[in-house]
Amino acid sequence: MLSRKKVEVLFSVGIVCFLVWAIWEARQWPAPSKLFPWSLGFTVLTLALVHLALGLRAALKESSVGNLAGNTSEDALGTGSTGRSDSESLLLSPEIARQRTIVICCWIVAFFIGISLLGFKLGSLFLTFGFLKFTAKERWTISAAIAVANYLFFWIVFDIALRTPLGSGLLGDYFGIN
Amino acid sequence: MLDAFCSGFLQVFAFSTFSLLLVGILIGFVVGILPGIGGVVTLALMLPFAFEMRPIDAFAFLLGMLSVTSTTGDITSIIFGIPGESISAALILDGHPMAKQGEAGRALGAALMSSLVGAIIGAFVLAASIPIVAPLVLTFKSPEFFALALLGITFVASLSGESKLKGMIAAGVGLVLSLVGLDPQSGMPRYTLGMATLWDGVGLVPVTVGLFAIPEIVDLWMKGTSIAEKRIGKLGGVWQGVRDTFTYWGVTVRCSLIGTFIGIIPGLGAGVSQWMAYAHAVQSASDKSRFGAGDVRGVLGPGAANNSGLGGSLVPTIAFGVPGTVVMALLLGAFLIKGLVPGPSMLTKHLDLTFAFVWFIVISNIITVMLCFLLLEPLAKITYVRGSLLIPGILLLVYLGAYAESKSTFDMGVTLLFGLIGLVMVYVEWPRPPLILGLVLGALIERNFFISYEIHALGFLLKPIVLLILLIGVGVLFYDKLRNYLAHD
Amino acid sequence: MRKNGIKFGLVERVVLGTTLALGIWIIGSGSSACAAQARAFDEKAAAEFYRGKTVTIVVGFAPGGGYDISARLIAKHMPKHIPGNPSVIVDNRPGAGSLVAANLVYKGLRADGTYIVTFNSQMIMQQLLSQQGIEFDGRLFNWLGSVSSSQSACGVHSETGITHVKQVMGPNGKVVNMGGESPGSGITDTAAVIRAALGTKFKIIYGYAGSRPVANAVLSREIDGMCISWESFTSDLKMFFEPKKILNVLVIFGSEVPKHPWLENAQAAEAIAPNNDARTLLQLVYAPGKISFPYAVAPAVPPDRVATLRTAFDKTVVDPAFVAEYEKYRELVPRNGEEVGEIVRALLATKLNFVADLKEALKQRVGP
């Protein structure tokens with residue numbers, strides 16, 4: 001798909017857009033309210049534009065030279081803690097990596113929707129079972145066991161021990177499930 | 001004073017007091033591990049029960065609980081990459097990579113031991129400084145806070161790794177994000193997209209949890225293994241981590257002092273000290289290459305700092321009823337309900353009680369550490385479990401952490417959004433800590449700037465302490481160049 | 001006609017008809033009399049509804065603060081006074097100074113009588129000022145009552161040498177820096193209104209992050225004084241008075257100064273107001289304080305449930321066990337739902353010109 005450098009350019013564009021929006025929003029505010037948004041906004045925008053320019057140059061050079069390999073200089077701190085270099089060395093093909101990433105992202109969103117609608121107890125029950133059985137392809141028994149364990153966790157810790165129920169989600173509140 | 005010191009010690013071991021201390025520790029243990037259900041929430045929940053007890057028992061219970069939550073919060077940071085407490089986020093940077101390399105035991109051992117050292121140092125600073133702390137605390141007003149917050153921003157350089165430009169932009173974005181909410185000067189909503197939920201700003205906990213934890217989950221699934229990708233054996237074990245605390249004694253002690261100092265100054269909050277400690281650990285290391293990929297010093301620094309903060313923040317609370325953090329404000333409420341008036345009486349009539357507090361902190365940390373050591377080996381083993389089995393639980397904890405503070409589904413959405421942003425940032429190799437630092441410090445910088453300006457006009461920049469702090473900031477920025485220059489000499 | 005052997009002659013029909021008519025009239029007037037007495041409710045039906053259920057008190061602030069603790073104490077003692085003895089729990093939904101909670105319970109949750117909300121009574125003032133983001137109408141909330149009363153007072157550090165409010169008024173008055181948060185917060189608005197009504201030379205320093213930072217700033221002498229509820233001065237902020245008195249309270253809301261050694265030279269704001277308009281302004285701003293820590297249920301809740309909860313609330317606030325526990329924490333000043341509703345309606349009926357004056361006073365950012 002897109003090389004790392006191209007994604008970085010898009011990301012930089014995103015940041016520039018965000019900063020332009022922030023500056024624009026503040027245009028009619030009274031001076032004291034506008035001081036920090038504009039002084040920060042313009043400063044960071046300048047930096048971001050510089051970075052964007054550098055990124056564009058690198059991306060264009062990359063396409064013209066036909067360079068397929070991504071950025072090889074590993075900046076340990078910059079990558080944060082995912083240790084990307086290690087996982088790449090496990091010889092995952094890019095297509096599988098991409099596919100798995102998309103799948104897990106869908107589940108991350110699904111968990112958000114599920115918990116919002118059903119609350120933590122019921123949400124965890126169905127979502128956990130769904131993930132383990134259908135995506136992780138675990139056995140029926142272990143999927144159910146962990147799903148029930150998650151349900152019990154939320155029930156025992158929040159409803160019983162701390163006596164602060166976590167809410168039943170949008171649907172739960174509406175239909176009165178608990 | 002010596003007899004107060006000793007009688008304080010003995011009071012800890014009265015049966016009712018000690019048993020309540022243990023109960024507090026137990027509760028704090030579980031609660032600290034749950035992200036989002038932090039010390040503040042439990043403290044507040046338990047406060048009504050504490051009403052019923054005798055003063056010393058109530059404080060044994062509450063302090064026992066508080067001492068523990070920051071330690072156990074480190075555990076989820078290391079094992080899952082989810083901050084168990086918002087003050088445990090910096091530990092993820094190196095603690096979690098260590099877990100991924102099979103060194104979870106070592107990271108946990110280092111975190112625990114440095115937490116213990118930090119707590120002890122913080123407690124003894126508390127004991128030693130109460131007589132002299134009054135002038136110190138009251139000297140720090142809005143201009144000094146402004147300067148300290150600016151100083152905090154200079155640490156961004158150390159948190160940016162190779163690319164200082166990316167770090168600065170990330171910090172800048174964090175600073176702009178901190179402006180979301182009601183303008184403190186005029187009450188006007190800024191960047192709130194018409195939603196009252198955003199009047200209080202973008203939540204720090206949802207952003208932190210999303211930015212750091214979600215990319216970890218994606219990574220875990222993507223590689224299809226367990227959290228730990230290799231097995232190390234003895235060298236990755238808990239005792240190695242304990243030894244590391246003493247091998248790198250300098251980092252541990254200095255970061256404890258940073259945490260204590262920041263705790264003493266009301267208004268900065270422990271959220272700042274963990275990043276400053278981490279940045280200091282990076283800066284003071286001659287070989288920085290492994291930071292971010294599993295350098296144990298990256299665990300020692302924040303581990304020590306976030307535990308020493310408790311002792312530090314008790315100082316102004318006890319000495320004059322000036323609580324620096326929300327937790328301290330709650331504790332102060334407990335003091336008042338029990339009829340204790342903070343101030344000189346705590347140093348004269350109730351000196352033994354004050355020393356008892358010191359001992360509560362020290363002893364509960366020791367007990368916690370002992371408890372944790374018993375549990376560490378099994379805990380470390382979690383990192384060898386198949387990732388797919390853990391993912392639902394981890395994801396639920398992530399959303400729990402986002403939701404719990406304000407019972408807000410919106411915050412969960414914030415976590416999701418920043419999770420996706422974090423994912424992109426990891427892919428394009430942008431550093432994330434500067435964004436958090438900007439978010440934390442932005443509000444402090446703006447508020448304190450305007451207050452200082454209203455009172456002193458721009459003259460506030462010339463106050464002696466302000467100048468000193470700004471000078472330190474300049475020093476921090478050019479520290480590396482300075483060191484190279486001196487080395488060449 | 002003949003029906004089953006009973007003969008219905010003319011007399012019988014008249015008697016039957018009259019009796020029926022009389023009966024209907026008696027029942028009809030009886031039930032309308034019941035309806036007129038708004039508090040009557042069917043206890044059995046209420047018990048049936050509430051048995052086994054959970055009533056949630058939604059608190060607009062984080063755990064540990066005054067609203068939270070009050071709610072928890074009420075939650076502890078209220079169940080036995082509600083028919084059916086449901087369990088009562090507290091759910092904290094902080095945000096936007098409790099506006100989130102108020103909006104939520106007003107229209108966002110089930111209106112069946114299982115959700116009670118407690119939020120900052122100052123929000124009613126904000127509704128009067130047409131603050132954006134307010135999605136409720138205080139007049140339509142079903143108020144259960146309130147448990148506290150908050151009387152704001154302004155004081156300055158003794159190092160300023162100011163002991164009487166006269167010293168900060170008039171052409172020779174000394175200017176004092178008073179700490180504030182953002183406009184709209186209690187401590188800020190109190191200072192602004194006192195300044196507008198009495199002409200005190202308060203320069204308000206905006207931007208502090210809460211009442212605690214303001215108190216710290218007074219202690220460290222960054223600013224000269226602050227305005228906050230008298231209840232706070234006697235509890236959280238006791239350090240201004242014990243062991244040594246370092247704060248002089250200059251003025252307090254209301255028409256009378258409470259008897260208290262710490263209020264030695266204090267003046268009642270309404271007593272020294274220069275004219276009627278100023279007095280009305282002061283009374284207006286004081287009003288929400290009278291119903292501090294209020295409790296309400298949504299407008300759509302059926303009247304009999306409202307009645308049930310109001311009765312339960314009234315019984316709870318006089319329950320000796322509750323009173324004993326609450327008074328350990330702060331002074332209990334209970335008001336019932338009707339009283340609270342009256343005060344709210346009166347406040348929201350304020351004439352437009354006063355509203356404009358108030359807005360002006362509170363927005364006035366430039367110093368004296």
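Keep in mind that what you see is a predicted model, and the values were worked out from it rather than measured. In what follows, chains carry the letters A, B, and so on, assigned in the order in which the sequence lines appear, proteins first and then strands, with residues in each chain numbered from 1.
The CZ atom of A:Phe112 sits 12.0 Å away from atom OH of B:Tyr403, with the distance rounded to the nearest 0.5 Å. Rounding to the nearest 0.5 angstrom, the gap separating the CZ atom in A:Phe36 from the CG atom in B:Leu179 is 8.5 Å. In this structure, the separation between CD1 on B:Ile217 and CH2 on A:Trp107 is 13.5 Å, given to the nearest 0.5 Å. Of the inter-residue distances, the one linking A:Leu35 atom CG with B:Phe450 atom CZ reads 4.5 Å to the nearest 0.5 angstrom. How far CD of A:Glu8 is from CE of B:Met425: 10.5 Å, rounded to the nearest 0.5 Å. Here the CE atom belonging to B:Met168 is positioned 11.5 Å from the NE2 atom belonging to A:His51, to the nearest 0.5 angstrom.
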- Task: Step by step, work out the side-chain contact (heavy atoms from CB on, under 4.5 Å) result for A:Thr128 and B:Leu396.
- Result: CA-CA 9 Å; A:Thr128 305; B:Leu396 287 167; 3.9 Å; yes

- Could you go step by step and tell me if A:Ile104 and B:Met222 meet the side-chain contact (heavy atoms from CB on, under 4.5 Å) rule? CA-CA 8 Å; A:Ile104 191 70; B:Met222 204 191 68; over 6 Å; no

- Task: Before giving the answer on side-chain contact (heavy atoms from CB on, under 4.5 Å), spell out for A:Leu10 and B:Val424 the whole-Å C-alpha distance, their side-chain angles and the decisive distance to 0.1 Å.
- Result: CA-CA 10 Å; A:Leu10 283 173; B:Val424 176; over 6 Å; no

- Item | Audit row: A:Ile15, B:Trp430, side-chain contact (heavy atoms from CB on, under 4.5 Å) steps and yes/no | CA-CA 12 Å; A:Ile15 292 188; B:Trp430 274 58; 3.7 Å; yes

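Across all non-hydrogen atoms, the minimal contact from A:Val44 to B:Gly172 is CG2-CA, 3.5 Å. Counting all heavy atoms, side chain and backbone alike, B:Arg190 lies closest to A:Ser33 at NH1-O, 2.8 Å. Between A:Leu132 and B:Ser388, the shortest heavy-atom distance links the atoms CD2-O, 3.3 Å. The two residues A:Ser116 and B:Thr409 have their closest heavy-atom pair at OG-CG2, 3.1 Å.
Using a 4.5 Å cut-off between heavy atoms, B:Met412 touches chain A through backbone and side chain atoms alike. Within the 4.5 angstrom heavy-atom criterion, atoms from both the backbone and the side chain of A:Thr135 approach chain B. In this structure, chain B has a heavy atom under 4.5 Å from the side chain of A:Ile146, while its backbone stays farther away. For B:Leu220, no part sits under 4.5 Å from any heavy atom of chain A, backbone or side chain. Residue A:Leu45: no heavy atom, backbone or side chain, is found under 4.5 Å from chain B. Of the two parts of B:Leu175, the backbone and the side chain both hold a non-hydrogen atom closer than 4.5 Å to a non-hydrogen atom of chain A. Heavy-atom distances place both the backbone and the side chain of B:Ile169 under 4.5 Å from chain A. B:Leu165 touches chain A through its side chain: at least one heavy atom from C-beta onward sits under 4.5 Å away, while N, CA, C and O do not.
Panel note: side chain A:Arg100, backbone B:Lys223; no donor-acceptor pair is recorded below 3.5 Å. The main-chain N or O of A:Ala26 is never found under 3.5 Å from a side-chain atom of B:Tyr191 such that the two would form a donor-acceptor pair.
Contact tally against chain B (heavy-atom pairs below 4.5 Å) for A:Ala22, A:Ala147, A:Cys105: the top residue is A:Ala22. Counting heavy-atom pairs closer than 4.5 Å to chain B, the top residue among A:Ile108, A:Leu19, A:Leu54, A:Val50 is A:Ile108. Of the listed residues (B:Gly393, B:Gly387, B:Gly81, B:Gly413), the one with the most heavy-atom contacts under 4.5 Å to chain A is B:Gly413. With respect to chain B, the highest number of heavy-atom pairs below 4.5 Å among A:Phe18, A:Trp29, A:Trp21 belongs to A:Trp29. Heavy-atom pairs under 4.5 Å with chain A peak, among B:Ile214, B:Ile445, B:Leu395, B:Val173, at B:Leu395.
Open room surrounds CZ on A:Arg139; 12 or fewer heavy atoms of other groups in view lie less than 6.0 Å from it.
Within the 4.5 Å cutoff, side-chain heavy atoms of A:Phe111 are placed close to those of B:Pro392.
Outside the 6.0 Å centre-distance limit, the rings of B:Tyr427 and A:Phe11 are not counted as a close aromatic pair.
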